[in-house]
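Since we're looking at a predicted model, the values are computed, not measured. Quick note: numbers below take in every heavy atom, side chains included, and nothing from hydrogens, waters or symmetry partners. Proteins come first, then strands; the chains are lettered A, B, ... in the order of their sequence lines, and each starts at number 1.
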Protein chains: 2
Amino acid sequence: MGFDMQFGSPFPALKIREREPRNEGRVATKTRILAATEKLFVIHGFDATSLRAITTEAGVNLAAVNYHFGSKEELFALVLTHRLDSLSLERVRLLDALEAKGFDAEYTVEQLIAAMFLPALQLARNPERGGADFLKFLGRAYADPSPFVRELLADRYAAQDTRFVQAFAKALPELAAQDLSMRLHFMLDAISSTLASEDARKLMAALAATSNDSVEEDAAVLAHLGPFLAGSLRAKVNQPSQQRAIRAVLAFV
Amino acid sequence: MGFDMQFGSPFPALKIREREPRNEGRVATKTRILAATEKLFVIHGFDATSLRAITTEAGVNLAAVNYHFGSKEELFALVLTHRLDSLSLERVRLLDALEAKGFDAEYTVEQLIAAMFLPALQLARNPERGGADFLKFLGRAYADPSPFVRELLADRYAAQDTRFVQAFAKALPELAAQDLSMRLHFMLDAISSTLASEDARKLMAALAATSNDSVEEDAAVLAHLGPFLAGSLRAKVNQPSQQRAIRAVLAFV
DNA sequence: GAACGATTCAAACAATTGTTTGATTTTGCA
DNA sequence: TGCAAAATCAAACAATTGTTTGAATCGTTC
């Protein structure tokens with residue numbers, strides 16, 4: 001479940017042989033492969049997940065991957081875009097809605113942060129679209145070192161990233177472009193590697209547990225995440241306190 | 001250069017055959033291998049750096065690695081600890097000095113941040129001990145997905161990490177342990193993945209260029225990094241502004 | 001039920017990996 | 001100079017990788 005047959009390839013280049021699965025007794029081979037791929041990708045990443053491991057996990061023949069998907073890369077491209085496209089769409093939708101309604105002048109940064117992270121929290125709560133492992137999946141995807149994965153993400157979601165960067169720039173006009181760029185870099189890298197780490201996700205689960213309504217849970221997580229991230233984005237450079245602290249430490253060098 | 005023969009293995013288990021290199025005409029084979037390993041590790045990471053690539057880069061025979069170092073893992077363990085041990089020592093030394101002198105009550109967080117990051121900036125300025133590529137090396141090491149690298153770092157530098165966590169906890173008594181833990185997680189993950197990324201390091205170089213004294217350069221970088229990190233650590237949870245921002249965004253869901 | 005395409009399967013392929021072997025060369029010391 | 005240890009070398013090894021092949025099987029349709 002989760003996966004099903006509506007896997008129309010989003011890549012023109014990735015057109016695969018289409019056909020209605022005809023056996024009813026067991027889940028279609030393609031679906032089993034996709035599910036196994038997602039499961040093993042979360043654990044091991046792209047490079048370390050072999051086609052033999054996938055086909056064994058799925059209980060299908062090794063050649064089935066190349067037959068149904070063409071290649072390992074095409075298979076993983078489908079798995080990645082299937083999950084991440086909905087995340088991206090939802091993020092942009094929230095950003096659109098906020099821009100249409102007009103930001104709350106005082107809390108623009110907090111609203112942008114909420115628009116960035118609420119969709120992931122929601123997807124993690126929807127078993128059909130990722131479930132609890134969705135955050136793990138997301139972290140893996142953005143932390144994966146394989147050039148193939150990195151280029152796929154960069155190419156496919158660059159436009160969305162740009163829109164958020166521009167929105168943050170507008171909300172923080174006093175911050176130099178250099179500093180904003182560095183801080184957003186930090187923020188996004190932190191999010192993704194944190195999502196990939198087991199204990200950090202446990203922490204977030206613990207925070208969520210302070211409420212019992214599911215919408216309230218998301219709000220609880222954001223109430224802890226948001227100020228932390230907003231605080232970092234709003235901080236002013238060259239504070240005297242920082243200057244003094246640096247001098248004190250430099251004295252020991 | 002940089003590397004030389006004082007490669008006494010820090011691991012009892014990793015004792016390698018010791019011997020004074022006897023050929024003078026060219027750099028000793030062991031040294032060439034170590035240098036090539038470091039160079040390729042920075043570019044490709046542990047898994048994707050093959051022994052054949054290393055020995056080709058070093059201009060030595062393929063079997064030389066197993067002959068001189070025993071295995072690929074033992075070779076990389078030497079390269080990693082060689083660089084990271086000095087960083088760790090210097091960090092702890094600064095922390096000791098600060099604790100001995102007594103922290104500046106008002107700026108403890110800033111001082112701790114400086115103690116964490118100054119050593120890396122210094123090493124990056126010392127050609128003998130890493131040079132400009134040291135930050136790249138550091139980022140790679142902490143972002144590397146290989147279980148071998150992750151366990152090596154966790155086992156070897158856990159004690160140092162704990163000391164810093166405790167110092168931060170003391171400096172931020174009003175912050176719940178959960179939140180502090182999450183924020184430090186974010187902070188360290190952000191630092192390492194940022195160091196590994198090309199454009200983020202360019203940004204830091206640009207910041208450093210605003211001064212010409214080399215000590216001043218480090219201070220300049222810290223003046224931009226510090227407030228950003230301190231701001232994130234000091235932020236208070238459950239701010240009304242954050243709560244309102246979350247409500248506004250949740251309305252669109 | 002014959003025929004045909006879609007699917008599955010075991011097997012092999014070519015390429016790459018870390019490691020080992022055994023002969024050969026180089027080196028330092030007697 | 002002679003000799004033994006150390007170092008280098010080409011070659012092979014065993015294991016793993018993604019991919020391809022060609023025959024066997026399955027399902028549908030005529």
Side-chain angles (χ1 to χ4, degrees), chain A residues 5 7 14-34 36-37 40-41 43-79 144-149, chain B residues 5 7 14-34 36-37 40-41 43-79 144-149:
Chain A
M5 40 225 58
F7 262 77
L14 294 188
K15 256 300 176 244
I16 59 177
R17 294 170 241 192
E18 299 282 359
R19 196 163 201 291
E20 284 303 301
R22 287 184 289 194
N23 59 1
E24 333 254 338
R26 59 175 208 155
V27 184
T29 300
K30 277 172 72 169
T31 307
R32 297 167 62 95
I33 292 175
L34 290 166
T37 303
L40 294 179
F41 171 74
I43 303 174
H44 300 114
F46 176 77
D47 278 328
T49 301
S50 71
L51 291 186
R52 279 168 182 80
I54 291 173
T55 51
T56 301
E57 168 78 27
V60 302
N61 186 272
L62 169 62
V65 166
N66 292 279
Y67 176 75
H68 284 288
F69 300 96
S71 69
K72 179 183 180 182
E73 292 197 350
E74 289 172 274
L75 167 62
F76 275 78
L78 279 184
V79 170
D144 199 286
S146 149
F148 161 70
V149 176
Chain B
M5 41 226 57
F7 262 77
L14 294 188
K15 250 319 180 224
I16 59 177
R17 294 170 238 189
E18 299 281 0
R19 194 161 203 290
E20 283 301 303
R22 288 185 286 194
N23 60 1
E24 333 253 338
R26 59 176 207 157
V27 183
T29 300
K30 278 171 72 167
T31 307
R32 297 167 62 94
I33 292 176
L34 290 166
T37 303
L40 294 179
F41 171 74
I43 303 175
H44 300 113
F46 175 77
D47 278 326
T49 300
S50 71
L51 291 186
R52 281 168 180 80
I54 291 174
T55 51
T56 301
E57 168 77 26
V60 303
N61 187 272
L62 169 63
V65 166
N66 292 280
Y67 176 76
H68 285 288
F69 299 96
S71 69
K72 180 183 178 181
E73 292 197 351
E74 290 172 274
L75 166 62
F76 275 79
L78 279 183
V79 170
D144 199 285
S146 150
F148 161 70
V149 175

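- Between the side chain of B/K30 and the backbone N or O of B/V65 there is no donor-acceptor pair closer than 3.5 Å.
- Put simply, CG on A/N61 is 5 Å from P on C/dC9, counting in whole angstrom units.
- Pairs of Watson-Crick or G-U wobble type, with distances under 3.5 Å, assemble into runs of 3 or more in DNA chain D at these ranges: C:1-13 with D:18-30, C:18-29 with D:2-13.
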Taking only N/O atoms, report every protein-nucleotides 21-24 of chain D pair under 3.5 Å with atom names and distance.
none

Practice item. List the steps, then state whether side chain to side chain contact (heavy atoms under 4.5 Å, CB included) holds for B/T37 with B/F76. Key: CA-CA 7 Å; B/T37 303; B/F76 275 79; 3.7 Å; yes

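- Distances shorter than 4.0 Å separate none of the side-chain N or O atoms of B/T29 from OP1 or OP2 on D/dA7.
- Residues meeting the side chain to side chain contact (heavy atoms under 4.5 Å, CB included) test with B/A53, sequence neighbours left out: B/L40, B/S50.
- Counting only residues at least two apart or on different chains, no salt bridge (charged side-chain N to carboxylate O under 4.0 Å, His left out) pair has a member in residues 62-71 of chain B.
- The cationic atom of B/K72 (NZ for Lys, CZ for Arg) does not lie both less than 6.0 Å from the six-membered ring centre of B/F148 and within 45° of the ring axis.
- Of the inter-residue distances, the one linking A/D47 atom CG with A/F41 atom CZ reads 10.0 Å to the nearest 0.5 angstrom.
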Pairs: protein N or O with nucleotides 14-18 of chain D N or O, under 3.5 Å:
unit_1: D/dG18; atom_1: OP1; unit_2: A/K72; atom_2: NZ; d: 2.8
unit_1: D/dG18; atom_1: OP2; unit_2: A/L51; atom_2: N; d: 2.9
unit_1: D/dG18; atom_1: N7; unit_2: A/R52; atom_2: NH1; d: 2.8
unit_1: D/dG18; atom_1: O6; unit_2: A/R52; atom_2: NH2; d: 2.7

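- Residue A/Y67 places its side chain closer to C/dT7 than to any other of C/dA10, C/dT7, D/dT8.
- One finds the CZ atom of A/R32 at 12.0 Å from the CG atom of A/L34 (value rounded to the nearest 0.5 Å).
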Show me the side-chain donor-acceptor pairs of residues 54-64 of chain A shorter than 3.5 Å, one per line, residues at least two apart or across chains.
unit_1: A/T55; atom_1: OG1; unit_2: A/L51; atom_2: O; d: 2.9
unit_1: A/T55; atom_1: OG1; unit_2: A/R52; atom_2: O; d: 3.2
unit_1: A/T56; atom_1: OG1; unit_2: A/R52; atom_2: O; d: 2.7
unit_1: A/E57; atom_1: OE2; unit_2: A/K39; atom_2: NZ; d: 2.9
unit_1: A/N61; atom_1: OD1; unit_2: A/A63; atom_2: N; d: 2.9

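- Spacing between atom NE2 of A/H68 and atom P of C/dA6 amounts to 12 Å, rounded to whole angstrom units.
- A distance-only check finds no donor-acceptor pair linking the side chain of A/D144 to the backbone of A/V149 [under 3.5 Å].
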